[in-house]
Amino acid sequence: MGKKYWLMKSEPEVYSIDHLKRDKKTYWDGVRNYQARNFLRDQVKAGDQVFFYHSNADPSGIAGIAEVVREGYSDPSQFDSKDVHYDSASTQEKPIWYVVELAFVEKFKEIISLDQLRKIKGLEKMLLLRRGQRLSVMPVSQEEWNIIVK
DNA sequence: GCCAACGTTGGC
DNA sequence: GCCAACGTTGGC
């Protein structure tokens, strides 16, 4: 199977592309939405490419690129009762939530803002641009990826 | 900070 | 299983 493409959202005040650049690599924790979880658990594979999206930002938009270096495994934050992502319903044997590990690849010179994305031809159907769409992990088609990288 | 859109919860 | 209430996301 070929390489796949994703978009993952983070609030830059919590974790930005600059943090990833500094850390070189991180695990993407705190995803607490079942649809996004299913992507992390079942579909995101090592080598896949990821757009790092800044949400709740000024401006919001795609800030750079990361690469998946480790596939889905149990999110440690779900077992930590002091963590905001703690989930008392989850057990070590049957974890509910998953993370993947990402490595820094590239930071764009300028963020590609939501506004700009909406104006680019060929992205009209992009999941990110759908009204009311709130998934924090979502697939990006190869066509969309190529258009945006260009 | 507001609020639209959507997901989740829980009473029935 | 329906659906109102509530919580969260995220653009503005």
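The sequence lines fix the lettering, A, B, ..., with proteins before strands; numbering per chain opens at 1. Below, all heavy atoms of this structure are taken into account, side chains as well, without hydrogens, waters or symmetry copies.
The closest side-chain heavy-atom distance from A:Y5 to A:E144 is not below 4.5 Å.
Applying the salt bridge (charged side-chain N to carboxylate O under 4.0 Å, His left out) rule to pairs touching residues 24-36 of chain A yields A:K25-A:E101, A:R32-A:D75, sequence neighbours excluded. Every pair tested for side-chain hydrogen bond (donor to acceptor under 3.5 Å, both in side chains) that includes a residue from residues 129-140 of chain A fails, sequence neighbours excluded, so the list is empty. Residue pairs meeting the salt bridge (charged side-chain N to carboxylate O under 4.0 Å, His left out) criterion with at least one partner in residues 77-86 of chain A, sequence neighbours excluded, do not occur; the list is empty. Sorted by first then second residue, the ring-ring contact (aromatic ring centres under 6.0 Å, His included) pairs that include residues 50-93 of chain A, not counting sequence neighbours, are A:W28-A:F52, A:F51-A:W145, A:F52-A:H54. Sorted pairs that involve residues 108-125 of chain A and meet salt bridge (charged side-chain N to carboxylate O under 4.0 Å, His left out), not counting sequence neighbours, are lacking altogether.
Under the rule for a side chain to side chain donor-acceptor pair (under 3.5 Å), the partners of A:S16 that lie at least two apart in sequence or sit in another chain are A:H19. Among residues two or more places apart in sequence or in another chain, the salt bridge (charged side-chain N to carboxylate O under 4.0 Å, His left out) test is passed with A:D23 by none. Not a single side chain to side chain donor-acceptor pair (under 3.5 Å) links A:Q35 to another residue, sequence neighbours left out. The salt bridge (charged side-chain N to carboxylate O under 4.0 Å, His left out) check on A:E71 picks up A:K45, with sequence neighbours excluded.
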Base versus backbone protein contacts along nucleotides 5-12 of chain C [heavy-atom cut-off under 4.0 Å; B, S, -] | --BBBBB-

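With the end axes of the helix from B:dG1-C:dC12 to B:dC12-C:dG1 each set by five pairs, the angle from one to the other reads 10° at 10° resolution.
Shown for residues 31-39 of chain A: no residue has heavy atoms falling under 4.0 angstrom of DNA chain C.
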